[in-house]
**Student:** 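Let me give you the structure first, and then I'll get to my questions.
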Amino acid sequence: PLPSYDEVLVCTPDTDEEEVELLVRRALSPGSQDQKVYCLLGADKLVYKVSKHLESHFFRLVQSSSIPDYRFIIFCNAKAHNSYVITAFDAYKVTFPCYCKTEIQTYLKMHLKGPSGTAPVAQAFEEPHQQNVKFVFSQQAGMGK
């Protein structure tokens, strides 16, 4: 299924420790395994202090958690070599091959579905003959990202 607002955090240099901690807690807490995939997008943009907090909080929860198969993905720009997040999570690094736009669109159309009985949110942004991804941001943590 498409990710819901509580599963994705789009990072900026203004993202604070509380927002990051909230997402990590959701991903690694018992009872949060409803087939959800928690994502930290653009984690390479986090400032050093927040990156350190992410690392320490993540590894502390992994050690104390009884969830063996959590679903937590950190997306970083491969060219951001000075990012602390990339260094801290280097052991978990997976590099994805580059696909053309049409291959990505075809894959997403086939694999990502909205909840049955509801109109997909993407229809709100539909433009004729064009695929788009748009982000809606909120000033409060966990409120519609």
Side-chain angles (χ1 to χ4, degrees), residues 1-109 111-115 118-127 130-145:
L2 290 167
S4 60
Y5 75 92
D6 66 329
E7 294 174 77
V8 178
L9 177 62
V10 180
C11 300
T12 69
D14 297 326
T15 302
D16 63 28
E17 293 141 335
E18 183 181 349
E19 292 173 295
V20 170
E21 183 176 332
L22 183 62
L23 187 76
V24 173
R25 281 186 186 277
R26 286 180 189 147
L28 299 175
S29 296
S32 67
Q33 298 308 105
D34 309 336
Q35 301 299 321
K36 291 186 174 189
V37 178
Y38 294 89
C39 305
L40 209 56
L41 299 178
D44 53 285
K45 296 177 185 164
L46 294 173
V47 295
Y48 179 76
K49 181 181 174 187
V50 177
S51 298
K52 283 289 288 181
H53 185 77
L54 166 63
E55 177 192 28
S56 64
H57 192 68
F58 174 81
F59 287 112
R60 189 171 356 125
L61 281 176
V62 165
Q63 288 175 349
S64 66
S65 178
S66 59
I67 301 174
D69 58 349
Y70 57 87
R71 297 171 180 194
F72 184 64
I73 302 172
I74 300 173
F75 289 95
C76 293
N77 182 344
K79 296 177 183 173
H81 300 293
N82 60 344
S83 168
Y84 184 82
V85 172
I86 292 174
T87 305
F89 293 91
D90 190 57
Y92 300 96
K93 180 178 170 181
V94 176
T95 305
F96 290 97
C98 292
Y99 293 102
C100 74
K101 183 179 175 181
T102 358
E103 290 174 314
I104 294 170
Q105 288 173 338
T106 304
Y107 177 86
L108 292 175
K109 276 185 182 178
H111 290 88
L112 294 179
K113 306 268 186 233
T118 61
V121 175
Q123 285 180 349
F125 300 107
E126 238 176 47
E127 294 179 27
Q130 192 173 359
Q131 293 281 328
N132 290 310
V133 174
K134 301 195 185 210
F135 291 98
V136 178
F137 292 94
S138 169
Q139 294 301 318
Q140 295 178 322
M143 298 299 291
K145 292 182 182 153

**Student:** Return the orientation label for the Phe59 and Phe89 ring planes: parallel under 30°, perpendicular over 60°, tilted otherwise.
**Tutor:** parallel
**Student:** Would Val24 and Tyr38 satisfy side chain to side chain contact (heavy atoms under 4.5 Å, CB included), going step by step from the backbone distance to the final call?
**Tutor:** CA-CA 8 Å; Val24 173; Tyr38 294 89; over 6 Å; no
**Student:** Taking only residues two or more places apart in sequence or in another chain, which ones pass side-chain contact (heavy atoms from CB on, under 4.5 Å) with Asn77?
**Tutor:**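 Here the qualifying residues are Asp44, Lys79, Ala80.
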**Student:** Can you measure from CD (Gln63) to CG (Leu28) and round to the nearest 0.5 angstrom?
**Tutor:** 11.5 Å
**Student:** What are the two closest heavy atoms between Gly42 and Cys11, and how far apart are they?
**Tutor:** O-CB, 3.3 Å
**Student:** What are the two closest non-hydrogen atoms of Ala43 and Val85, and how far apart are they?
**Tutor:**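 So the two residues come closest at O-CG2, 3.6 Å.
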**Student:** Can you tell me how far the CD atom of Glu21 sits from the CD atom of Glu18, to the nearest 0.5 Å?
**Tutor:** 8.0 Å
**Student:** Hey, are the side chains of Asp6 and Arg26 touching, using non-hydrogen atoms and a 4.5 Å cut-off?
**Tutor:**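 Counting from C-beta outward, Asp6 and Arg26 do come under 4.5 Å.
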**Student:** How many angstroms lie between atom CG of Leu9 and atom CG of Leu41, to the nearest 0.5 angstrom?
**Tutor:**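 Answer for the CG-CG pair, Leu9 versus Leu41, is 8.0 Å.
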**Student:** Begin from the C-alpha positions of Leu46 and Tyr84 and carry the test side chain to side chain contact (heavy atoms under 4.5 Å, CB included) through to its verdict.
**Tutor:** CA-CA 8 Å; Leu46 294 173; Tyr84 184 82; over 6 Å; no
**Student:** Kindly indicate whether the side chain of Ser56, heavy atoms from C-beta on, has any atom under 4.5 Å from the side chain of Arg60.
**Tutor:**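 Ser56 vs Arg60: side chains touch.
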**Student:** Among residues at least two apart in sequence or on other chains, which ones pass side-chain contact (heavy atoms from CB on, under 4.5 Å) with Lys93?
**Tutor:**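 If we apply the side-chain contact (heavy atoms from CB on, under 4.5 Å) test to Lys93, skipping adjacent residues, the hits are Asp90, Thr95.
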**Student:** Does any N or O in the side chain of Glu19 come within less than 3.5 Å of the main-chain N or O of Asp16, such that one atom is a donor and the other an acceptor?
**Tutor:**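 At least one qualifying donor-acceptor pair exists.
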**Student:** Please report the closest heavy-atom contact between Cys39 and Leu23, naming both atoms and the distance.
**Tutor:**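 Looking at all heavy atoms of both residues, the shortest contact is O-CD2, 3.3 Å.
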**Student:** Among all residues two or more places apart in sequence or in another chain, which pass the ring-ring contact (aromatic ring centres under 6.0 Å, His included) test with Tyr99?
**Tutor:**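 For Tyr99 there are no ring-ring contact (aromatic ring centres under 6.0 Å, His included) partners, ignoring immediate neighbours.
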